[in-house]
2 protein chains.
Amino acid sequence: MDDLDRAILRCLLADGRATFHEIGRRVRLSPPAVKRRVDRMLARGEISHFTAVIDPGSLGWEVEAYVEIYYDGNVLKDELATSLAGIPQVVGVWNVSGDADALVHVMAGSIAELEDTIEQIRRTDRLQRTRSAIVLSRLFERSLG
Amino acid sequence: MDDLDRAILRCLLADGRATFHEIGRRVRLSPPAVKRRVDRMLARGEISHFTAVIDPGSLGWEVEAYVEIYYDGNVLKDELATSLAGIPQVVGVWNVSGDADALVHVMAGSIAELEDTIEQIRRTDRLQRTRSAIVLSRLFERSLG
DNA sequence: GATGAAAGTACGCGCAG
DNA sequence: CTGCGCGTACTTTCATC
């Protein structure tokens, strides 16, 4: 991972479908050289994969919330992951240090659906309480370059 | 946005560099038909753009935290966004309802850098206090399909 | 379907260890 | 002298009309 790789990465973060030709033009490298470096970054896991960034709103995901969960005693990571992965509205879960034990990212179509989802989260085994923050607006979001 | 569009979207979420041929093979559509639909989704803003998903760890971003911020009185969205956008470690900011006023997503190379970053966030105008949750592990993260 | 562009592959060269 | 990484040339596949 040198400066050239980082420059290629910046191009791919900005446009994940950029051609090797176009990237090569920007970083002054031939298309095959760019491909080799991209393949290497993929093999090393530096690039996980490529994806489309979608607008949640235009897909009907109007409500977003971050829900802290507090549990009673010890809960295994796998246990928690498995039970929460079964809820489609749960799009991310992180174990955290601090007051709460875990942070859950929820996307829902409506406030009612959010309520249902939190209700479902609360049914998780040994879950003590939750503390929610509903997203009012995204101020900004950027990819790490 | 019909089922066919959603099927195409699923392909692009799984592989943002998939060719129109490959997508067409999966959804039983000709490559030009796929392209027209993708272009339409881009034009409508349903697909925002394409990008590479990178592994934060292999790029040196070893520490991740969510920082709630509480401010004193009213703070304008633009004001907050502008001042926090100046901190490179701040990768996302959302205004939220609940106890806190905003939620800040922070990525840092080390605990020391995280400390510095929180210190910087605290220097934001009219900021009263912060409450941090350091991410211990990602249990899972998925894209909304 | 046809054409032009990009991806993928093979081979040889130059440079650093 | 070996390994790595680039570029050129060529074939296959894809995009676009």
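Reckoned from all heavy atoms, side chains included, excluding hydrogens, waters and symmetry mates. In the text below, chain A, chain B and the rest are named by the order of the sequence lines, each starting its count at 1.
- Every ring pair (Phe, Tyr, Trp, His ring centres under 6.0 Å) that B:W94 has, sequence neighbours left out, goes to A:Y66.
- For residues 69-92 of chain B, the salt bridge (Lys or Arg N to Asp or Glu O under 4.0 Å) pairs, not counting sequence neighbours, are B:E79-B:R126.
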Protein-to-nucleotide contact annotation, 5' to 3' order, nucleotides 12-17 of chain C [B base; S sugar-phosphate only; - none; under 4.0 Å, heavy atom]
------

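- If you chain together ILVMFWY residues whose side-chain heavy atoms come under 4.5 Å of each other, A:L76 ends up in a group of its own.
- Residue pairs meeting the ring-ring contact (aromatic ring centres under 6.0 Å, His included) criterion with at least one partner in residues 7-51 of chain B, sequence neighbours excluded, are absent.
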List the protein contact pattern of nucleotides 5-17 of chain D with one symbol per nucleotide (5' to 3'): B for base contact, S for sugar-phosphate-only contact, - for none; contact means a heavy-atom distance under 4.0 Å.
SBBB-----SBB-

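- Note on residues 33-52 of chain A: pairs passing salt bridge (Lys or Arg N to Asp or Glu O under 4.0 Å), not counting sequence neighbours, are A:D2-A:R37, A:D5-A:R37, A:D5-A:R40, A:K35-A:D39, A:R44-A:E46.
- Legend: residues meeting side chain to side chain donor-acceptor pair (under 3.5 Å) with A:N74, ordered by chain and number and at least two apart, are absent.
- The stretch residues 101-116 of chain A participates, sequence neighbours left out, in no salt bridge (Lys or Arg N to Asp or Glu O under 4.0 Å) pair at all.
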